[in-house]
Amino acid sequence: MYPNLYYAFRDLFGLEIPVLKIFQTFGFFVAVAFLAGAYVLTLELKRREKLGWLKPVTEKQRVNGPATNGELISNGIMGFLLGWKGVGLILNWDTASQDFQGFILSGQGNFIAGLLLAALLVYLKYSKSRKNKDAQPVTETVNIWPHQRVPDIIVMAAVAGLLGAKVFHNLENWNDFVQDPIGALLSFSGLTFYGGLIVAATIIIIYARKKQISVKHLIDSAAPALMLAYAIGRMGCQFSGDGDWGIYNSAYITDTTGHMAQVAPAEFNKAVQQNLAYFQQQYPDVAHIPHAPFAKPASLGFLPDWFFAYGYPHNVIREGVTLPGCDGQYCKVLPVGVYPTPLYEIIACLLLTGILWAIRKRITIPGVIFGIYLVFNGVERFFIEKIRVNTKYSIFGFHPTQAEIISALMVIGGLVLIWYCRKNKAVAAS
C-alpha cells in the first residue's frame, strides 16, 4: 500500500522524493477522478450541444473597472492561508511531513507569514486595478454554453459531495461520531459515496435549473462521468488501504512477509487467538467476526491470491498488527486477508463506464441514460455490500446496511425514471 506518493515512487521507481509525502494517495486519486469526470462530462455536453439538444444562455458580465472589495478580501484570505500553512510547512518540514493531514487540520503554521502574504496579494490586486481606476465598468452580453459551466459544476460537486459523504458516514457510524465529533468531522477518512452523490446531485440540479440547463440532458451527460469517477476514486481506496475493504476471507491468513497464505478453515480461529488483542479492538465478541472462506478455484489459477484475499500491508489507517522488521509510521498489516472489494468495484465500474459510453448515442430519450446508470450503480453496490463491513440496521426483521437501502432505492428510482422518460419520450430539452 502507498499512504502517500512518496511511498509509491520509492517502491515503483526506487526514487525517494520527500516532498511527495504531502500528497496523499487517496486525495491524489480523488483529484484525478474529478478531472477525468470533468473531461468526460465536457465531451458529452459538447456533443449534445452540436445536436441542438442543449442551448446557450445569454448573460451579462462585468468587465474593466477597479477591483471590488470582494476581490480584495478573497485575495487576502488566499494569501493568508498560503502563507500560514505553506510557509509553516516549509519551516517545520521534519515534523509536518510525517503527518501532513494532521498539520493541515491543526492550528499550526506561520501566522506572520500569513499576514505578510495576505498583505502582498491585496496590494498587488489593488495596484493592478489602479490602472483601471478611471475606466468605467462595462457590462457585456455573452452566450454561455452548458459545457462552459463544467468548472462550476465540478467545484460544487466536490464541496457538496465531500460534505454529504462525511455527514452520511457519521450518521452510519453514530457511536464513533459521538465519541470524537470534532475528529470525525475534520478527518479526511470516513466518506460514504452515496451521501456525497445525493447532496451533490441536489445542489447541481438546483444550479442547472437556475442557469436554464436541461436537467435530463445534464444528468444523462454526467452518467458515464460519474461511473468513471467512482472507479478512479476506488483506486484511491485500494492503493492507500483506507479501510474500505470487505469481510475476512477465512481461507487465507497473512504470513510474516505480509503476503497471503492459503490455509485450512480451522486456521482462521487460530489466527484470531494469536492476534486476540487486535480482533477484540474491532469486535468485542470475537465469536461473531464476519468472515466467509473462499479459496481460489483451480479454474482461476492464473489470478494472484491477493485478488481473493489481501492484508493491505502499510495501509494508511495503520490498522492491523505490526509487520516484522518494518520501521516507520505505516507498518501495519491485517492478520487475516479480507476481500479487496475496492478492486472488484474498480473492475466492475470501468466495465459499466464502457457500456454507458457505448450506448449513449443509441438512446435519445432524455433521462434514460441516467436511469440506466442508477440501476447499474445500485446493483453493483448492492451485491458488493454482501462482502463488505458496514453498520447494519434492523427493519421489519431485515438487517440491511445503509448502502444496501440506498442502492435498492437507486435501482427502483432508475427503473421508474426509465419508465417515465420513455412514456413521455421527447428529445427536446426539459
Side-chain angles (χ1 to χ4, degrees), residues 1-4 7-8 24-30 33 99-102 105 161-162 165-177 179-180 183-196 230-250 252 254 258 260 272 275 277-284 289-292 306 308-323 326 328-346 381 384-392 401-404:
M1 294 296 95
Y2 308 120
N4 52 54
Y7 290 92
Q24 301 295 304
T25 302
F26 179 77
F28 169 77
F29 276 99
V30 168
D99 186 8
F100 176 70
Q101 176 179 318
L105 296 178
L162 178 62
K166 178 61 68 177
V167 169
F168 272 68
H169 173 81
N170 288 320
L171 289 175
E172 187 178 18
N173 300 274
W174 184 254
N175 291 334
D176 295 336
F177 171 73
Q179 292 178 7
D180 183 16
L185 290 173
L186 296 181
S187 171
F188 288 160
S189 63
L191 301 174
T192 299
F193 167 73
Y194 282 150
Y230 184 65
I232 296 174
R234 281 298 185 223
M235 292 179 188
C237 298
Q238 176 67 16
F239 294 133
S240 68
D242 70 343
D244 190 19
W245 45 61
I247 62 175
Y248 293 105
N249 183 346
S250 47
Y252 294 86
T254 308
M260 290 296 99
V272 170
N275 302 278
Y278 164 73
F279 282 103
Q280 285 179 332
Q281 289 179 349
Q282 307 296 317
Y283 306 97
I289 298 174
H291 67 94
W306 51 258
F308 301 92
Y310 195 43
Y312 288 92
H314 310 288
N315 61 78
V316 71
I317 61 173
R318 307 170 203 176
E319 184 170 318
V321 296
T322 303
L323 278 163
C326 180
Q329 59 177 324
Y330 301 109
C331 288
K332 299 291 187 177
V333 64
L334 303 179
V336 177
V338 294
Y339 289 97
T341 51
L343 176 61
Y344 303 154
E345 290 200 273
I346 293 168
R381 187 60 184 271
I384 207 69
E385 284 296 301
K386 299 302 180 183
I387 54 172
R388 284 186 77 240
V389 181
N390 269 318
T391 303
K392 293 183 179 291
T401 66
Q402 182 192 85
E404 284 178 336

Scanning both residues in full, the closest heavy-atom pair of A33 with G233 reads CB-N, 4.0 Å

Contact summary for G311 and T254, nearest pair of heavy atoms: CA-OG1, 4.2 Å

Is there a side-chain contact between F279 and P335 in this structure, where contact means two heavy atoms from C-beta onward sitting under 4.5 Å apart? yes

Would you indicate whether the side-chain heavy atoms of C326 and H314 approach each other to under 4.5 Å? yes

Quick check: do Q238 and P340 have side-chain heavy atoms less than 4.5 Å from each other? yes

Side chain to side chain contact (heavy atoms under 4.5 Å, CB included) between V333 and V321: does it pass, once the steps are laid out? CA-CA 5 Å; V333 64; V321 296; 4.2 Å; yes

Kindly compute the distance separating CZ (F239) from CE (M1), expressed to the nearest 0.5 Å. 7.5 Å

Nearest 0.5 Å, please: how far is CG in N249 from NE2 in H291? 10.5 Å

Intermediate values then yes/no, side chain to side chain contact (heavy atoms under 4.5 Å, CB included), Y278 and K332: CA-CA 11 Å; Y278 164 73; K332 299 291 187 177; over 6 Å; no

Rounded to the nearest 0.5 Å, the CD1 atom of I232 sits from the SG atom of C237 at a distance of 12.5 Å

Where do G246 and V338 come nearest, in terms of heavy atoms and distance? O-CB, 3.5 Å

May I ask you to decide if the ring planes of Y248 and Y283 are parallel, tilted or perpendicular, using 30° and 60° as cut-offs? perpendicular

Let me see the working for Y310 and L343 under side chain to side chain contact (heavy atoms under 4.5 Å, CB included), right down to the final yes or no. CA-CA 10 Å; Y310 195 43; L343 176 61; over 6 Å; no

Do Y312 and W245 have ring centres separated by under 6.0 Å? yes

Y252 OH to Y339 OH distance, which is reported to the nearest 0.5 Å: 9.0 Å

Sub-4.5 Å side-chain heavy-atom contact between T25 and V316: no

Give, for atom CE of M235 and atom CZ of F26, the distance between the pair rounded to the nearest 0.5 Å. 13.0 Å

Rounded to the nearest 0.5 Å, the CZ atom of R381 sits from the CD atom of E345 at a distance of 5.5 Å

Applying side chain to side chain contact (heavy atoms under 4.5 Å, CB included), run through L334 and E319 and close with a yes or a no. CA-CA 7 Å; L334 303 179; E319 184 170 318; 4.2 Å; yes

